[in-house]
K.L.:
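One structure is given below, represented as structure tokens, and several questions about it will come after.
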Amino acid sequence: MEDRIGRELMRLQDLKYREFQCGLIPTVDPETVIGVRTPALRAFAKALAKTEAADAFLRALPHQLFEENQLHAFLLSEMKDFGRCVQEVCRFLPHIDNWATCDQLSPKVFKKHRAELLPHVRAWIGAKEPYTIRFGVGMLMQHYLDEDFDPAYPALVAGLRSEEYYVNMMIAWYFATALAKQYDGVLPFLEDRRLGAWTHNKAIQKAVESYRITPSQKDHLRTLRVRRG
């Protein structure tokens, strides 16, 4: 089954795109990258999901190829049963080794089950694996910055401390997005310097670059940058 999927992935290979893609995912061994453009991979996932081979593929962890992990993420993102989806996501997360697969994993069914999802988000944020943490923060950013916003959620993210670049980038991304959506509720986290210095400054940088932040808000955020000595 995996051989058949591997052959289909090779048929979709774009060598020029492979060279470009390898530069974007430095944590991934280039030998495991075929070079398949995302639209083609999504179309393949959609077709595969309609077959019995999909379940066998999801059980076949760990995968050997970057595109197999991407395919796995796309299949989970389309899964309609919330309980099974959460179970499969938890099984897959420890195998993720790059930001691209982590960020492509975005199950649509989660949006309809935010209350049930929240305990899992807390568990992911409290995990040891960096991409599990990144995924948890990403889900908090995606699903809990609008009508379900609670100041306890940015407090949860602000409490994270990591040496992992891709974790800290997601924390910064979370706070920049939170400032755009919940400025008054999130601003005190920057004013009180509750983030690590690098993450604090990166969040401000990303917020200042956002068209969703007003000029006056940007002016105030610039005054909050910290000097790293």
K.L.:
Can you confirm whether the side chains of T32 and Q64 place a donor and an acceptor under 3.5 Å from each other?
P.N.:
no
K.L.:
Is the F175 ring parallel, tilted or perpendicular to the F189 ring (thresholds 30°, 60°)?
P.N.:
tilted
K.L.:
Roughly how far, to the nearest 0.5 Å, is the NZ atom of K80 from the NZ atom of K112?
P.N.:
8.5 Å
K.L.:
With no hydrogens and no angle check, do the side chains of Q217 and R222 hold a donor and an acceptor under 3.5 Å apart?
P.N.:
no
K.L.:
What heavy-atom pair brings D103 and M170 nearest, and what distance separates the two atoms?
P.N.:
OD1-CE, 3.8 Å
K.L.:
Salt-bridge test for E209 and K206: reply yes if a basic N is under 4.0 Å from a carboxylate O, no otherwise.
P.N.:
no
K.L.:
Is E88 close to L75 at the side-chain level, that is, under 4.5 Å between some pair of heavy atoms?
P.N.:
no
K.L.:
Does any part of the side chain of F44, heavy atoms only, come nearer than 4.5 Å to the side chain of L9, both counted from C-beta?
P.N.:
yes
K.L.:
Linking I/L/V/M/F/W/Y whenever their side-chain heavy atoms sit closer than 4.5 Å, directly or via other members, would Y165 and M141 fall into one cluster?
P.N.:
yes
K.L.:
When rounded to the nearest 0.5 angstrom, what distance separates CD in E31 from SG in C22?
P.N.:
9.0 Å
K.L.:
Is there a donor-acceptor pair under 3.5 Å between the side chain of R91 and the backbone N or O of L58?
P.N.:
yes
K.L.:
What's the separation between atom CD in E8 and atom CG in L48, rounded to the nearest 0.5 Å?
P.N.:
9.5 Å
K.L.:
Would you mind reporting whether F149 and P154 have side-chain heavy atoms less than 4.5 Å apart?
P.N.:
yes
K.L.:
With a 4.5 Å cut-off on side-chain heavy-atom distances among I, L, V, M, F, W and Y, is there a chain of contacts connecting M10 to L65?
P.N.:
yes
K.L.:
Just say parallel, tilted or perpendicular for the rings of F57 and H63, cut-offs at 30° and 60°.
P.N.:
parallel
K.L.:
Indicate yes or no: at least one non-hydrogen side-chain atom of V89 is less than 4.5 angstrom from one of W124.
P.N.:
yes
K.L.:
Determine whether L118 and Y144 satisfy the following criterion, side chain to side chain contact (heavy atoms under 4.5 Å, CB included), listing intermediate values before the conclusion.
P.N.:
CA-CA 9 Å; L118 192 55; Y144 302 92; 4.0 Å; yes
K.L.:
Between R212 and K181, is there a side-chain heavy-atom distance shorter than 4.5 Å?
P.N.:
yes
K.L.:
For I34 and E67, work out which heavy atoms get closest and say how close.
P.N.:
N-OE1, 2.9 Å
K.L.:
Relative to each other, are the rings of H72 and F92 parallel, tilted or perpendicular (30° and 60° limits)?
P.N.:
parallel
K.L.:
Mind checking whether Y17 and T38 have side chains closer than 4.5 Å, heavy atoms only?
P.N.:
yes
K.L.:
Quick check: does any side chain N or O of D150 sit under 3.5 Å from a backbone N or O of A152, one acting as donor and the other as acceptor?
P.N.:
yes
K.L.:
Return yes if some donor-acceptor pair links the side-chain N/O of K202 with the main-chain N/O of A172 below 3.5 Å, else return no.
P.N.:
no
K.L.:
Between Y131 and Y166, what is the shortest heavy-atom contact and its length?
P.N.:
OH-CD1, 3.4 Å
K.L.:
At what distance, to the nearest 0.5 angstrom, does CG of D29 lie from CG of D97?
P.N.:
9.5 Å
K.L.:
Side chains of T101 and N98: any donor to acceptor distance under 3.5 Å?
P.N.:
yes
K.L.:
So do L179 and I204 actually touch side chain to side chain, heavy atoms under 4.5 Å?
P.N.:
no
K.L.:
In plain terms, say whether K46 and E78 are close enough for a salt bridge, that is, a side-chain N and a carboxylate O under 4.0 Å apart.
P.N.:
no
K.L.:
Same cluster or not: W173 versus L24, using hydrophobic residues (I, L, V, M, F, W, Y) connected whenever any side-chain heavy atoms lie under 4.5 Å apart?
P.N.:
yes
K.L.:
Kindly give the heavy-atom pair with the smallest separation between M139 and L105, and that separation in Å.
P.N.:
CE-O, 4.0 Å
K.L.:
Taking side chain as C-beta onward, heavy atoms only, is F110 less than 4.5 Å from C85?
P.N.:
yes
K.L.:
Mark yes or no for whether R18, through its side chain, and V33, through its backbone, hold a donor-acceptor pair below 3.5 Å.
P.N.:
yes
K.L.:
When you check the gap from the basic side-chain N to the acidic O, do D146 and R114 get nearer than 4.0 Å?
P.N.:
no
K.L.:
Any chance you could lay out the side chain to side chain contact (heavy atoms under 4.5 Å, CB included) test for V109 and V86, step after step, and finish with the verdict?
P.N.:
CA-CA 10 Å; V109 72; V86 167; over 6 Å; no
K.L.:
Using every non-hydrogen atom in the two residues, find where V137 and L160 come nearest and quote the distance to one decimal.
P.N.:
CG2-CD1, 3.7 Å
K.L.:
Hydrogens and angles aside, do E191 and H220 bring a side-chain donor and acceptor to less than 3.5 Å of each other?
P.N.:
yes
K.L.:
Walk me through it: do Q104 and S77 pass the test side chain to side chain contact (heavy atoms under 4.5 Å, CB included)?
P.N.:
CA-CA 8 Å; Q104 294 284 18; S77 295; over 6 Å; no
K.L.:
What about W198 and V226, same hydrophobic cluster or not, with Ile/Leu/Val/Met/Phe/Trp/Tyr joined at side-chain heavy-atom distances under 4.5 Å?
P.N.:
no
K.L.:
Say you draw a straight line from CG of N168 to CG of L195; how long is it, rounded to the nearest 0.5 Å?
P.N.:
9.5 Å
K.L.:
Could you walk me through whether L41 and L12 pass the side chain to side chain contact (heavy atoms under 4.5 Å, CB included) test, one step at a time?
P.N.:
CA-CA 8 Å; L41 203 52; L12 297 170; 5.6 Å; no
K.L.:
CG/D148 to OH/Y153 distance, rounded to the nearest 0.5 angstrom?
P.N.:
6.5 Å
K.L.:
If you take all heavy atoms of G136 and V121, which pair is closest and at what distance?
P.N.:
O-CG1, 3.5 Å
